[in-house]
Amino acid sequence: MTILLTGATGYIGSHVWVELLQRSFDVVGIDNLSNSKIEVCSAVERISGKGATFVKGDIRDSAFLSQVFAKHSITHVIHLAALKDAQEALRNKDEYFDVNVNGVKTLLAAMRASDCHKIIFSSSAAVYGGKAISPMGESAETSPANWYGETKLKAEQLLRDEAFKLPPMHSVSLRYFNVAGRHPSGLLGSSSIVASLSLFDQIEKALKSNDALCVFGDDWHTPDGTCVRDYVHVCDIAKGHIDALKLLDEGKGFSALNLGSGTGRSVKEVISAFEAITECLLPIKVVGKRVGDVAVSYADCKKGEELIGWNPTRTLADICGGYLQGL
C-alpha cells in the first residue's frame with residue numbers, strides 16, 4: 001500500500017502524515033505550499049522518526065499528478081488539499097470552486113488513469129448548513145449556508161457518482177466539525193500562511209498581539225447568545241483517517257462519516273474554559289454576525305464508531321492546554 005496525501009504540509013495534513021508514518025505506511029505527500037511551509041516536512045520527520053517523501057505540486061495540474069502516480073505506484077489517496085475559509089469563499093467564490101471542486105475532478109481522473117480506486121476525502125460539517133438539527137447525523141439534510149460548504153458538498157457528489165462507474169471508486173468522506181489543538185510534541189501547529197478566523201486561531205492571535213478577541217454576535221438563539229460548535233482535537237481527526245482506511249478496503253462505494261466530539265460548546269464556554277486552563281485572560285469584543293454562520297452545529301458520531309471504531313479520546317481541556325506551548 002502506498003498512500004498519496006494531498007495537502008500534506010497543512011494543519012490537518014501534517015498531523016495525518018505523522019500518524020501514517022508512525023504506523024509504517026508508505027506515504028507520498030504533495031502540496032503547492034500556497035498556505036503552508038516546507039519546514040513542516042522536517043517537523044514531520046522529527047516526530048515520526050521516518051523520512052518524509054514530499055513533492056511540490058498542485059492537484060489541478062493533471063500532468064503533475066500523472067507523474068506522481070506513475071513514479072510512486074499509488075494505491076490509496078487521502079485528499080486534504082483545499083481552500084478552507086468560509087468568509088474568504090464569499091470573496092473568492094470562483095477560486096474556491098476551482099480548487100475544491102475542479103481539483104477533485106482532476107484528481108479523480110488521474111486516479112482512474114492509474115487504476116487507483118480508493119480515496120478518503122476531507123469534507124466538512126459545513127455541508128449541513130443551518131437547516132439540520134443538532135446533533136447532526138450523516139443522514140441530516142445537507143443545505144450549505146456558505147460557498148465553502150457548497151464546494152465540499154459538490155465534491156462529495158463527484159465521489160458518489162464515481163461509485164457507480166466501472167470499476168467503482170470506493171470513497172469515505174470525513175465530515176470534520178471544528179478541528180483544534182496542537183500535536184503534543186509542540187512541533188506542529190497551524191502552519192497556515194493566511195490567517196484563519198477559526199475560534200482557536202483567533203484566541204492564539206489575540207494572546208500574541210494583545211488585541212481583543214472578536215465574538216461574532218451575542219444574540220444567537222442559544223443559551224448564552226453565542227454560537228455553539230463541536231470542537232475536536234486534531235490528533236483525533238488524524239486517527240480517523242487511519243481508521244477509515246479499513247472501510248475503504250471493504251469496498252462499499254461511497255460513505256460519509258462525521259468526525260466530531262459529539263458535544264456542543266458555545267463561544268463563551270470555550271473562552272471561559274481556555275482562561276481557566278491557561279490562566280490567560282482574553283479581552284473580548286462583540287462584533288456583527290458573519291454571513292454564512294449558523295447558530296448551532298455539533299455532531300452525532302455513532303456511525304463512525306460503528307463502521308470504523310473511531311472515538312475521540314481528547315477533551316476540550318486537552319485542546320486548550322496545547323496552546324500553552326506557543327505562549
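- Between F164 and F254, the gap from one ring centroid to the other reaches at least 6.0 Å.
- By the neighbour-count criterion of 12 heavy atoms within 6.0 Å, atom CH2 of W220 is densely surrounded, having more than that number from other residues, nucleotides or ligands.
- C320 and T278 make their closest contact through O-CG2, 3.9 Å (heavy atoms, listed as atom of the first residue, atom of the second, distance).
- At a threshold of 4.5 Å between non-hydrogen side-chain atoms, the residues V77 and F69 count as touching.
- If you check the side chains of T2 and H72, you find no donor sitting under 3.5 Å from an acceptor.
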> Between I3 and D26, does a side chain to side chain contact (heavy atoms under 4.5 Å, CB included) hold up when you go through it step by step?
Replying inline: CA-CA 6 Å; I3 298 171; D26 291 327; over 6 Å; no
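- In this structure, CZ in F25 is found 13.0 Å from NE2 in H241, a value given to the nearest 0.5 Å.
- Judged by distance alone, with hydrogens and angles left aside, the side-chain atoms of S209 form a donor-acceptor pair with the main-chain N or O of D211 at under 3.5 Å.
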> Checking side chain to side chain contact (heavy atoms under 4.5 Å, CB included) for the pair T106/F64: CA distance, chi angles, key distance, verdict?
Replying inline: CA-CA 11 Å; T106 304; F64 163 71; over 6 Å; no
Which side-chain N or O atoms in residues 39-46 pair as donor and acceptor under 3.5 Å with protein atoms at least two apart or in another chain?
residue	atom	partner	partner atom	Å
E45	OE2	A52	N	2.9

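- Residue K56 places its NZ atom among 12 or fewer non-hydrogen atoms of other residues, nucleotides or ligands, all under 6.0 Å distant.
- Scanning all heavy atoms of the two residues, the minimum distance from G260 to W310 falls at O-CH2, 3.4 Å.
- Taking Ile, Leu, Val, Met, Phe, Trp and Tyr as hydrophobic and joining them when side-chain heavy atoms fall under 4.5 Å apart, one finds V294 isolated, its cluster having no other members.
- Atom NZ of K303 has more than 12 heavy atoms from other residues, nucleotides or ligands within 6.0 Å.
- Under a hydrophobic clustering in which Ile, Leu, Val, Met, Phe, Trp and Tyr are joined whenever their side-chain heavy atoms come within less than 4.5 Å, directly or via other members, V228 and V127 fall into different clusters.
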> side chain to side chain contact (heavy atoms under 4.5 Å, CB included) between H15 and I237: does it pass, once the steps are laid out?
Replying inline: CA-CA 9 Å; H15 286 79; I237 289 288; over 6 Å; no
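- Listed for the K152 side chain is a donor-acceptor partner under 3.5 Å among the backbone atoms of S122.
- D218 and T226 share no side-chain donor-acceptor pair at under 3.5 Å.
- Judged by distance alone, the side chain of D318 and the main-chain N or O of T315 form a donor-acceptor pair under 3.5 Å.
- Heavy atoms only, all atoms of each residue included: H76 and I74 are closest at O-CG2, 3.2 Å.
- The main-chain N or O of L21 is found under 3.5 Å from a side-chain atom of K50 such that the two form a donor-acceptor pair.
- Side-chain heavy atoms closer than 4.5 Å link hydrophobic residues (I, L, V, M, F, W, Y) into clusters, and following such links, possibly through other members, connects Y176 to I308.
- The hydrophobic clustering, which links ILVMFWY residues whose side-chain heavy atoms are closer than 4.5 Å, places I78 and L307 together.
- No side-chain donor from either of Q87 and Y148 sits under 3.5 Å from a side-chain acceptor of the other.
- F216 pairs with exactly one of V287, V267, L199 by the side chain to side chain contact (heavy atoms under 4.5 Å, CB included) rule, that one being V287.
- Between S114 and S73 there is no side-chain heavy-atom pair separated by less than 4.5 Å.
- For the atom pair L5 CG and I12 CD1, the distance stands at 11.0 Å (nearest 0.5 Å).
- Separation of the Y298 and F177 ring centroids does not fall under the 6.0 Å cut-off.
- The minimum heavy-atom distance linking H117 with P168 is given by the pair CB-O, 3.7 Å.
- Remark: L247 CG to L245 CG distance equals 10.0 Å, nearest 0.5 Å.
- Taken from CG in D236 to CD1 in I319, the straight-line distance is 8.0 Å, to the nearest 0.5 Å.
- In summary, the side chains of N258 and Y128 do present a donor paired with an acceptor at a separation below 3.5 Å, with no hydrogens or angles considered.
- Closest non-hydrogen pair, I30 versus L4, comes out as CG2-CD1, 3.8 Å.
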> Going through the distances and angles, do R23 and E19 end up as a salt bridge (charged side-chain N to carboxylate O under 4.0 Å, His left out)?
Replying inline: CA-CA 6 Å; R23 295 168 184 257; E19 189 79 18; 2.9 Å; yes
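- When N100, D98, N102 are each tested for a side chain to side chain donor-acceptor pair (under 3.5 Å) with T151, only one passes: N100.
- With E269 contributing its side chain and S266 its backbone, the two residues share a donor-acceptor pair below 3.5 Å.
- Taking the six-membered ring for Trp and thresholds of 30 and 60 degrees, F97 and W147 have ring planes more than 60 degrees apart, a perpendicular arrangement.
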> Given the rule in the salt bridge (charged side-chain N to carboxylate O under 4.0 Å, His left out) test, do K93 and E88 qualify, once you have shown the distances and angles that lead to the verdict?
Replying inline: CA-CA 8 Å; K93 173 186 172 184; E88 184 189 36; over 6 Å; no
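- Note that SG of C227 is 10.0 Å distant from CG of N178, once rounded to the nearest 0.5 Å.
- By the 4.5 Å heavy-atom criterion applied to side chains, R175 and S124 are not counted as neighbours.
- Judged as a side-chain hydrogen bond (donor to acceptor under 3.5 Å, both in side chains), and not counting sequence neighbours, E138 has no contacts.
- No hydrogens or angles considered: nothing links the side chains of E150 and N146 as a donor-acceptor pair under 3.5 Å.
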> Under the salt bridge (charged side-chain N to carboxylate O under 4.0 Å, His left out) criterion, do D243 and K239 qualify, and how do the steps go?
Replying inline: CA-CA 6 Å; D243 294 338; K239 182 179 179 298; 2.8 Å; yes
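- In this model, no donor atom of one side chain and acceptor atom of the other lie less than 3.5 Å apart for Q22 and S48.
- Proximity of a side-chain donor or acceptor of S14 to a complementary backbone N or O of Y11 within less than 3.5 Å is detected.
- By the rule that hydrophobic residues join a cluster once side-chain heavy atoms approach within less than 4.5 Å of another member, V172 and L20 end up as members of one cluster.
- We find the NZ-OG distance between K71 and S66 to be 14.5 Å, quoted to the nearest 0.5 Å.
- Between P312 and S261 the shortest heavy-atom distance is CG-CA, 4.1 Å.
- Both the sub-6.0 Å distance and the 45° axial angle are not jointly satisfied by R265 relative to the ring of Y231.
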>> Run the salt bridge (charged side-chain N to carboxylate O under 4.0 Å, His left out) test on D249 and K118 for me, step by step, so that the C-alpha distance in whole Å, both residues' side-chain angles and the decisive distance to 0.1 Å come before the verdict.
In response: CA-CA 8 Å; D249 290 335; K118 297 176 180 179; 2.9 Å; yes
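- Using a distance-only test at 3.5 Å, with no hydrogens or angles considered, a donor-acceptor pair links the side chain of R112 to the main chain of E162.
- Neither L80 nor V104 shares a network with the other; the hydrophobic side chains, linked directly or stepwise wherever heavy atoms of I, L, V, M, F, W or Y lie under 4.5 Å apart, form separate groups for each.
- No donor-acceptor distance shorter than 3.5 angstrom exists from the side chain of H170 to the backbone of L248, with no hydrogens or angles considered.
- Screening T6, D61, D58 against N32 for a side chain to side chain donor-acceptor pair (under 3.5 Å) leaves a single residue, D58.
- Annotation for K289: atom NZ counts as buried by contact number, over 12 foreign heavy atoms lying within 6.0 Å.
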